[in-house]
Novice: 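If you scroll down you'll find the structure; I have some questions about it.
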Amino acid sequence: MVETPPIRRILHCDMDCFYAAVHVRDDPSLAGLPVAIGGNPSGRGVVAAASYEIRRFGVRSAMPAARAVRLCPQAVFIRPDFPRYRAESQQVFEILRQFTPLVQAVSIDEAFLDVTDHLEPWGSATAVAKEIRRRVAEERRLTVSVGVGPNKLVAKIASDHDKPDGLTVVRPERVAEFLGPLAARRLHGVGPATERSLKQLGVETIADLRALSKDLLGARFGRWGEALWRFSRGIDHRPVTTHRERKSLSSENTYAQDLETLEQMDAEIGRLAAQVAKGLAKRELLAATVTLKVRYQDFSTVTRSRTLGLPTADEEVIRWHATDLLRRTEAAQRPVRLLGVGASKLAAGDPSQLSLFDG
């Protein structure tokens with residue numbers, strides 16, 4: 001007789017507006033203000049993170065800082081302090097690892113935890129989630145939203161259900177009820193292209209998607225169609241894994257005509273970052289280091305790298321760091337014949353996560 005595997009108890013912990021929250025905690029005068037973390041709004045700066053207060057004005061991460069100021073003239077801009085964020089993240093992850101050794105970093109500010117076999121002395125996954133939220137608030141003076149579910153798919157969606165500072169528990173028997181009314185784009189891996197294709201089939205919600213047959217989805221999307229069929233039913237067997245595998249992935253291009261303006265270079269970096277992100281997604285990998293390569297007209301070559309501390313696979317995050325690194329070269333003063341964007345210190349993970357600047 002084949003034994004039925006036990007129902008897993010998975011937590012998804014997502015820090016609330018992490019970058020901005022760290023600054024507000026350390027400088028209480030910022031509390032309640034529309035804070036944007038990013039570059040100089042009078043130049044070519046980009047918003048890296050937006051507090052909940054400034055989001056009400058329509059300001060979002062990856063938005064040009066100049067546009068953010070137009071939307072919210074009273075915005076308070078703060079330059080990113082990545083060493084501070086990495087140090088804070090390490091403190092938070094130390095707390096998480098005291099509850100279970102099965103902690104999978106998704107980005108600098110979010111993680112999956114498998115607590116199936118690590119419920120004592122708390123007794124339940126819900127109690128574990130409450131204790132994690134209490135300790136992060138007490139020890140780090142920050143808030144974390146937690147989703148609890150029978151798998152990574154459900155836990156991830158649940159953590160976003162009641163942000164900020166929320167706790168959402170989805171019991172196995174309530175998975176279909178919980179997912180049904182949500183937009184199909186909330187499912188793992190459903191991006192703009194898939195969402196458009198689903199709308200052509202009349203799909204708006206996860207319940208709509210669930211009504212389609214596996215054969216129809218397979219004919220339309222191939223192997224991805226079968227995954228959509230499973231996800232719409234809340235089925236997700238992906239394990240929480242802590243294994244890390246060191247690799248690198250990059251994309252570069254040599255130009256027939258030298259690039260002479262930052263606008264041209266930014267556009268190319270955006271294209272290269274998209275290729276790198278696509279490669280990470282295909283391999284289900286996340287990157288902890290972003291590298292920029294620049295070769296000038298005289299064939300001299302420089303590289304600039306930034307280690308994020310914890311992995312990401314978000315295209316906008318990779319692009320933001322690469323364009324910021326570009327400002328640390330002489331590219332604005334010298335013609336450029338080659339640009340490259342690379343990702344390294346890779347880890348197996350969920351490439352469809354939201355931007356680490358969100359949430």
Novice: Grab the two heavy atoms, one from Arg86 and one from Thr307, that are nearest each other, plus how far apart they are.
Specialist: NH1-O, 2.7 Å
Novice: Can you tell me how far CZ of Arg306 sits from CD1 of Ile318, rounded to the nearest 0.5 angstrom?
Specialist: 13.5 Å
Novice: Between Glu226 and Arg223, is there a side-chain N and carboxylate O pair less than 4.0 Å apart?
Specialist: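 Salt bridge between Glu226 and Arg223, a charged N being under 4.0 Å from a carboxylate O: no.
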Novice: Classify the side-chain pair Asp314/Thr312 by whether it contains a donor and acceptor separated by less than 3.5 Å.
Specialist: no
Novice: Taking the side chain from Asp208 and the backbone from Thr205, do they hold a donor-acceptor pair closer than 3.5 Å?
Specialist: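 Present.
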Novice: Hey, what do you get for CG (Leu292) to OG1 (Thr323), rounding to the nearest 0.5 Å?
Specialist: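 Taking CG in Leu292 and OG1 in Thr323, the distance rounds to 9.0 Å.
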Novice: Between Trp224 and Thr194, is any pair of side-chain heavy atoms under 4.5 Å apart?
Specialist: yes
Novice: For the side chain of Arg25 and the backbone of Arg140, is there at least one donor-acceptor N/O pair under 3.5 Å apart?
Specialist: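 Looks like yes, one N/O pair under 3.5 Å.
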Novice: Using a 3.5 Å distance criterion without hydrogens, assess whether the side chain of Arg55 forms a donor-acceptor pair with backbone atoms of Ala50.
Specialist: yes
Novice: Would Glu252 and Arg295 pass as an ion pair if we require N to O under 4.0 Å?
Specialist: no
Novice: Would you call Arg141-Glu88 a salt bridge at under 4.0 Å N-O?
Specialist: no
Novice: Would you indicate whether the side-chain heavy atoms of Val294 and Leu339 approach each other to under 4.5 Å?
Specialist: yes
Novice: When you measure from the centre of the six-membered ring of Phe178, is the NZ or CZ of Arg174 closer than 6.0 Å and no more than 45° off the axis?
Specialist: no
Novice: I want to check something: taking the side chain as every heavy atom from C-beta on, are Arg304 and Thr329 in contact at a cut-off of under 4.5 Å?
Specialist: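 When only atoms from C-beta onward are counted, Thr329 and Arg304 do touch, with a gap below 4.5 Å.
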Novice: Find out whether the Lys NZ or Arg CZ of Arg337 is both under 6.0 angstrom from the six-membered ring centre of Tyr255 and within 45° of the ring's axis.
Specialist: no
Novice: Ring centres of His23 and Tyr85 under 6.0 Å apart?
Specialist: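 Centroid separation for His23 and Tyr85: below 6.0 Å.
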Novice: Can Glu138 and Arg135 be counted as an ion pair, charged N to O under 4.0 angstrom?
Specialist: no
Novice: With side chain to side chain donor-acceptor pair (under 3.5 Å) as the test, pick out the partner of Ser145 among Asp16, Asp14, Asp162.
Specialist: Asp16
Novice: So, applying side-chain contact (heavy atoms from CB on, under 4.5 Å) with Leu11, which one of Thr100, Leu167, Thr126, Val128 is it?
Specialist: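 Option passing the side-chain contact (heavy atoms from CB on, under 4.5 Å) with Leu11: Val128.
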Novice: Do NZ/NE/NH1/NH2 and the carboxylate oxygens of Arg9 and Asp114 come within less than 4.0 Å?
Specialist: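 So Arg9 does not pair with Asp114 through a salt bridge.
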Novice: Check whether any side-chain heavy atom of Lys293 lies under 4.5 Å from a side-chain heavy atom of Val302, and answer yes or no.
Specialist: no
Novice: Consider only side-chain N and O atoms of Thr289 and Ser305, and report whether a donor and an acceptor are under 3.5 Å apart.
Specialist: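 Looking only at side-chain atoms, Ser305 and Thr289 do not form any donor-acceptor pair under 3.5 Å.
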Novice: Would you confirm whether Arg79, through its side chain, and Ile37, through its main-chain N or O, come within 3.5 Å as a donor-acceptor pair?
Specialist: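 Between the backbone of Ile37 and the side chain of Arg79 there is no qualifying donor-acceptor contact (under 3.5 Å).
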Novice: Taking all non-hydrogen atoms of both residues, which atom of Leu259 and which atom of Glu268 are closest, and how far apart?
Specialist: CD1-CG, 3.9 Å
Novice: Quick one: do Phe112 and Ile235 end up in the same hydrophobic cluster if we chain Ile, Leu, Val, Met, Phe, Trp and Tyr together by side-chain heavy atoms under 4.5 Å apart?
Specialist: no
Novice: Would you sort out whether Glu260 and Arg334 count as a salt bridge (Lys or Arg N to Asp or Glu O under 4.0 Å), showing the intermediate values?
Specialist: CA-CA 7 Å; Glu260 297 186 350; Arg334 301 173 62 182; over 6 Å; no
Novice: Do Ser248 and Ser344 have a side chain donor and acceptor closer than 3.5 Å?
Specialist: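 Result is no, nothing qualifies.
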Novice: Assigning hydrophobic clusters by single linkage (Ile, Leu, Val, Met, Phe, Trp, Tyr; side-chain heavy-atom cutoff under 4.5 Å), is Leu338 placed with Leu326?
Specialist: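 No, Leu338 does not connect to Leu326 through the hydrophobic network.
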Novice: Checking the side chain of Arg8 only, and the main-chain atoms of Thr116 only, is there a donor and an acceptor separated by less than 3.5 Å?
Specialist: no
Novice: Could you tell me whether Asp324 and Arg328 have a side-chain N and a carboxylate O separated by less than 4.0 Å?
Specialist: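 Salt bridge between Asp324 and Arg328, a charged N being under 4.0 Å from a carboxylate O: yes.
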Novice: Do the side chains of His321 and Phe82 get nearer than 4.5 Å, heavy atoms only?
Specialist: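 They are in side-chain contact.
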Novice: Side chains of Arg283 and Leu249, heavy atoms from C-beta outward: is any pair under 4.5 Å?
Specialist: yes
Novice: Does the separation of the ring centres of Trp320 and Tyr19 fall below 6.0 angstrom?
Specialist: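 Ring centroids of Trp320 and Tyr19 are no less than 6.0 Å from each other.
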Novice: Between Asp215 and Ser213, do the side chains contain an N or O donor and an N or O acceptor separated by less than 3.5 Å?
Specialist: no
Novice: Using only heavy-atom distances, determine whether the side chains of Thr168 and His161 contain a donor-acceptor pair under 3.5 Å.
Specialist: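 No, no side-chain donor-acceptor contact under 3.5 Å.
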Novice: Could you state the interatomic distance from CD (Glu131) to CD1 (Ile95), rounded to the nearest 0.5 Å?
Specialist: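 Between Glu131 CD and Ile95 CD1, I get 10.0 Å after rounding to 0.5 Å.
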Novice: Tell me whether Arg271 is salt-bridged to Asp266, with the criterion being a basic N under 4.0 Å from an acidic carboxylate O.
Specialist: no
Novice: Is Leu182 linked to Trp229 within one hydrophobic cluster, defined over Ile, Leu, Val, Met, Phe, Trp and Tyr using a side-chain heavy-atom separation of less than 4.5 Å?
Specialist: yes
